[in-house]
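As structure tokens, the structure follows; a few thoughts come after it.
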2 protein chains.
Amino acid sequence: MSQNRPDSLGARAILQTATQMFAREGYAGVSMNRLATEAGVSKANIFHHFSNKEALYLAVLEMACESASDVMDSTPIPENSTFEERITLLHCGFLASLEQNPDSTRLMTRELGRAGLSAANVPAEKVIAQFDIRFIRFIKLLTAGQQAGLLREDIDPALLATLMVSSNMFFFQSKSALNAMTGLDFAKDSQGFARGVMDILIHGIVPKS
Amino acid sequence: MSQNRPDSLGARAILQTATQMFAREGYAGVSMNRLATEAGVSKANIFHHFSNKEALYLAVLEMACESASDVMDSTPIPENSTFEERITLLHCGFLASLEQNPDSTRLMTRELGRAGLSAANVPAEKVIAQFDIRFIRFIKLLTAGQQAGLLREDIDPALLATLMVSSNMFFFQSKSALNAMTGLDFAKDSQGFARGVMDILIHGIVPKS
DNA sequence: GTCTATAAATTGATAGAC
DNA sequence: GTCTATCAATTTATAGAC
């Protein structure tokens, strides 16, 4: 099994359930026994569709990257809008896209973090490539604004892009925990958080004396 | 084994090696067999010191929280400094403290992310409490600045604190991956990144016309 | 494509000697 | 406190019928 469209009902069920389980419990946390039970198929059937556990994980990860890419590409690109509106829209849309497919996001985040830890990290490369696309998108928009004199010249667009991506990634990953902390009420309102962040970035934190 | 100071040589070796392995490979990714081998002790000796795998993990997590707390508390608090200098110092010091004990940070980050996924999450509560302390520290400083008219009134200090923490947490977690991406050269220079972020937050991204 | 049955290795954990 | 030897259960994976 390596093609992107699963053919049989079983293969679909396996991929779907495996995505959920790998995303929530990690590679080592999922056993083929439990996966088979929860997917409603026999264990042997999993090995019929996927040569081994790692191949299954790789297929799951590849699907996650694709669906994340699909969601991202569906972000509307408004033409007649100001620079500030555009980056705000991209920023808020990015967080929304993370939340639209939580399991894909979790899988990719997991791999991002593993990138530095284990050598010979083949699966992480696909994920890095996916994020690279996002970063390039942000940086492109920011650089254009900078050339138009709408963004401070001494700001590195890549650093600003990282700051924007950071806040969304961390918020998605930790919002449940944030919700349990003191005074972080906005944890329930993702878009409110994203807008608040952009307001700070655009206007700065210093009062206009 | 539940006290904080390991008594025997073996116990120390076990805790130290377990911290590394759990941090890098997660709870399910570590087997007692491998842990015993890598720690240079017998598997039975692990079960002599810790009643079971989960108890060991809990002990490791507790130690990680303590050492993270120790590092954090050692951040110097300058008296005669401006508001901007103070928050920049706190921000940069926070990232430095994350990097000073990478395994503790990884363990805690892992738990932060699990908080929303699995029910009855006892270990995560300690970690959340640890982060809560950090957030309160940030928020306190920001609120003081706000009352002194040095921070915009319509900014939620908790949201700004989250933005600051976010960027550092994500940077730490993903810097290896960031390093592999297009144009993100600052990924090698943590303190440079943290300073750049604070520069953006303080001065905003809009040029002074 | 799907299943039951089974194999071989590894898992978390214990018994008991020193 | 540390070890060797061992246990039952679970793990990944395969064989072979339908």
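Proteins come first, then strands; the chains are lettered A, B, ... in the order of their sequence lines, and each starts at number 1. Any value given below was found using the heavy atoms of this structure, including those in side chains, with hydrogens, waters and symmetry copies removed. Since we're looking at a predicted model, the values are computed, not measured.
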Distance-only criterion, 3.5 Å: show the donor-acceptor pairs between side-chain atoms of residues 188-195 of chain B and protein atoms not counting sequence neighbours.
from: B/D189; atom 1: OD1; to: B/G192; atom 2: N; distance (Å): 3.1
from: B/S190; atom 1: OG; to: B/E99; atom 2: OE1; distance (Å): 3.3
from: B/S190; atom 1: OG; to: B/E99; atom 2: OE2; distance (Å): 2.5
from: B/Q191; atom 1: NE2; to: B/C92; atom 2: O; distance (Å): 3.2

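With sequence neighbours excluded, no residue forms a side chain to side chain donor-acceptor pair (under 3.5 Å) with B/N179. Take A/E111 and apply the side chain to side chain contact (heavy atoms under 4.5 Å, CB included) test, not counting sequence neighbours, and it matches A/Y57, A/L61, A/R114, A/N121, A/P123, A/A124, A/V127. A/I128 meets the side chain to side chain contact (heavy atoms under 4.5 Å, CB included) test with A/L112, A/A115, B/A177, B/A180, B/M181; sequence neighbours excluded. With sequence neighbours excluded, the residues forming a side chain to side chain contact (heavy atoms under 4.5 Å, CB included) with A/A23 are A/D103, A/R106, A/L107, listed by chain and number.
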Exercise. Can you give one letter per nucleotide of nucleotides 2-15 of chain C, 5' to 3': B if a protein heavy atom sits under 4.0 Å from the base, S if only from the sugar-phosphate, - if neither?
Worked result: BBB------BBBBB
